[in-house]
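Because the structure is predicted, anything quoted here is derived from the model rather than measured.
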Amino acid sequence: MILDLLFPNRCLHCNRIIETNLLVCDLCFRQIHFTHYDYSKNNPVKEQCKLFFPVENTYALFQFEEDSLSRKIIHELKYRNREITGKILAEWTTERLDFKDQKPDLLVSVPLHPKKLRERGYNQLHLYTETLSEYYDIPFDNQLIKRNHYSKAQALKDKKHRLETVNTFSVTQPITGKHILLIDDVFTTGTTVSSIAWEILNAGKNKVSVLVMAMDV
């Protein structure tokens, strides 16, 4: 209580004091460009994924424009030690994402390398995915995919190095006949989800769908 008085929670955008369980105030919330994509229909994420691998369904929560509020939110989650942001984004997702009759069998998030996990202290996708798992009643396996190599953050790489993802990931256990929803924070070039998707597809008769917090536009 005393800490709340001394260091109140503030809106990421306008710095107005807000409730502790919020990221932005009501006025700034309206500035977030949610995509309103239909998970089961064609959308820009699906069009990009189809260039790399056979994808079932896709969804992105919001757009990731340059110097936008959505970019601030993702950076708050990834680089400012505010893991609770993932739970809030998951709640926003559940208000908008309807699987209808194409509900996946398993949720899998993009893993961090153990060294990166120690540096950051948490995987920014875990609380997000765990919240979705509980809401939709879909199992979440955060051990199925392993990142084999340590690398610097995607945001710090140039486009050439972002494409160097060969043998970056591997499947840690047998899996077949499953519809897996692969979850990442930002869809940029598509190489990360493509690399993991092919590992899952090659492991057995599986299907892959993709859910990202933001679509880089």
Side-chain angles (χ1 to χ4, degrees), residues 23 32-66 68-79 83 85-99 102-104 106-112 120 122-133 135-136 138 140-142 144-145 147 153-155 157 159 162-163 165 168-169 179-201 207-217:
L23 288 176
I32 300 173
H33 294 163
F34 291 101
T35 66
H36 305 293
Y37 292 163
D38 189 321
Y39 170 78
S40 60
K41 295 183 179 179
N42 208 31
N43 58 58
V45 179
K46 189 169 187 176
E47 286 297 315
Q48 289 297 311
C49 286
K50 284 163 60 178
L51 298 176
F52 298 101
F53 64 94
V55 66
E56 299 297 316
N57 304 296
T58 59
Y59 184 81
L61 178 62
F62 47 62
Q63 297 176 359
F64 194 66
E65 306 100 332
E66 190 73 30
S68 65
L69 178 52
S70 59
R71 189 173 290 260
K72 286 183 181 179
I73 291 171
I74 295 294
H75 284 187
E76 188 79 4
L77 171 64
K78 295 181 67 172
Y79 307 120
E83 187 180 10
T85 301
K87 181 176 177 60
I88 296 171
L89 293 182
E91 292 169 352
W92 292 356
T93 301
T94 60
E95 293 169 358
R96 294 164 175 81
L97 173 58
D98 183 0
F99 291 122
Q102 301 187 54
K103 185 176 175 179
L106 183 68
L107 305 184
V108 173
S109 57
V110 173
L112 293 177
R120 186 171 295 171
Y122 63 96
N123 183 323
Q124 73 274 10
L125 295 172
H126 278 183
L127 187 54
Y128 177 79
T129 309
E130 287 171 356
T131 305
L132 296 181
S133 173
Y135 179 86
Y136 292 111
I138 303 172
F140 167 38
D141 188 342
N142 63 2
L144 179 66
I145 303 298
R147 186 183 287 266
Q154 285 283 89
K157 297 180 183 179
K159 186 172 183 180
R162 289 183 189 181
L163 297 175
T165 58
T168 300
F169 302 95
H179 180 188
I180 296 174
L181 181 63
L182 178 58
I183 298 176
D184 200 3
D185 46 27
V186 181
F187 189 98
T188 50
T189 64
T191 52
T192 296
V193 295
S194 174
S195 179
I196 297 175
W198 278 115
E199 293 296 328
I200 294 171
L201 292 169
K207 297 188 295 184
V208 176
S209 290
V210 172
L211 165 62
V212 293
M213 296 174 178
M215 171 72 173
D216 201 352
V217 293

* Report the residues that fulfil side chain to side chain contact (heavy atoms under 4.5 Å, CB included) with H179, sequence neighbours left out, ordered by chain and then residue number. => Y39, E56, N57, P104, D105, K207, S209
* To do: Check the pair V186, V212 against side-chain contact (heavy atoms from CB on, under 4.5 Å), reporting the backbone distance first and the verdict last.
  => CA-CA 6 Å; V186 181; V212 293; over 6 Å; no
* Side chain proximity check, P44 to M215, heavy atoms < 4.5 angstrom -> yes
* **For A197, side chain to side chain contact (heavy atoms under 4.5 Å, CB included) partners two or more places apart** => F53, V208
* Asked: What distance do I73 atom CD1 and D185 atom CG have between them, rounded to the nearest 0.5 Å?
  -> 13.0 Å
* Quick one: pull up CD in E47 and SG in C49 and give me the separation to the nearest 0.5 Å. => 10.0 Å
* Structure fact -> The single option from T58, V45, L97 that satisfies side chain to side chain contact (heavy atoms under 4.5 Å, CB included) with L211 is L97
* **Side-chain heavy-atom pair F140, I183 within 4.5 angstrom cut-off** => no
* Structure fact -> Distance col, row Q63:CD vs I32:CD1, nearest 0.5 angstrom, shows 12.0 Å
* Could you tell me the separation between the CG atom of L107 and the CG atom of L144, rounded to the nearest 0.5 Å? => 11.5 Å
* Chi angles and distances behind the side-chain contact (heavy atoms from CB on, under 4.5 Å) call for H36, N43 -> CA-CA 10 Å; H36 305 293; N43 58 58; over 6 Å; no
* All ring pair (Phe, Tyr, Trp, His ring centres under 6.0 Å) counterparts of Y136, not counting sequence neighbours -> F99
* To do: Report yes if the side chains of F62 and I74 come closer than 4.5 Å at any heavy-atom pair, otherwise no.
  => yes
* To do: Name all residues meeting the side chain to side chain donor-acceptor pair (under 3.5 Å) criterion together with Y128; count only those two or more places apart in sequence or in a different chain, and write none if there are none.
  => T93
* Provide the closest heavy-atom pair for A60 versus A214 in the form atom of the first, atom of the second, distance. => CB-C, 4.4 Å
* Structure fact -> Taken in chain and number order and not counting sequence neighbours, the residues that satisfy side chain to side chain donor-acceptor pair (under 3.5 Å) with T85 are none
* Asked: Looking only at heavy atoms, which two atoms of R147 and P111 are closest? And how far apart?
  -> NE-O, 2.9 Å
* Beyond-backbone contact of I138 with L181, side-chain heavy atoms, under 4.5 angstrom -> no
* Rounded to the nearest 0.5 Å, how far apart are OG1 of T131 and NE2 of H126? -> 12.0 Å
* Residue from L182, V55, T188 passing side chain to side chain contact (heavy atoms under 4.5 Å, CB included) with V193 -> L182
* Test side chain to side chain donor-acceptor pair (under 3.5 Å) applied to K72 - qualifying residues, sequence neighbours left out -> H13
* Asked: Looking at residues at least two apart in the chain, or sitting in another chain, which of them share a salt bridge (Lys or Arg N to Asp or Glu O under 4.0 Å) with D141?
  -> none
* Asked: Which residues pass the side chain to side chain donor-acceptor pair (under 3.5 Å) test with D184, sequence neighbours left out?
  -> none
* To do: Check side chain to side chain contact (heavy atoms under 4.5 Å, CB included) between E91 and all other residues, then give those that pass, not counting sequence neighbours.
  => K87
* **Distance-minimising heavy-atom pair for Q124 and M213** => O-CE, 4.1 Å
* To do: Specify the closest pair of heavy atoms between A90 and L132, including all atoms of both residues, with the distance to one decimal.
  => O-CD2, 3.7 Å
* Side-chain heavy atoms of K50 within contact of N42, under 4.5 Å -> yes
* Asked: salt bridge (Lys or Arg N to Asp or Glu O under 4.0 Å) with K103: which residues, sequence neighbours excluded?
  -> none
* Least distance between heavy atoms, S70 atom then F64 atom -> OG-CA, 3.6 Å
* Nearest-0.5 Å distance, CD1 of residue I200 to CD1 of residue I145 -> 4.5 Å
* Please identify each residue that fulfils salt bridge (Lys or Arg N to Asp or Glu O under 4.0 Å) with E76, with sequence neighbours left out. => R80, R82
* Could you go step by step and tell me if N142 and T129 meet the side-chain contact (heavy atoms from CB on, under 4.5 Å) rule? -> CA-CA 9 Å; N142 63 2; T129 309; over 6 Å; no
* For D98, all residues meeting side chain to side chain contact (heavy atoms under 4.5 Å, CB included), sequence neighbours excluded -> K100
* Asked: Closest heavy-atom contact between L77 and G86?
  -> CD1-N, 3.5 Å
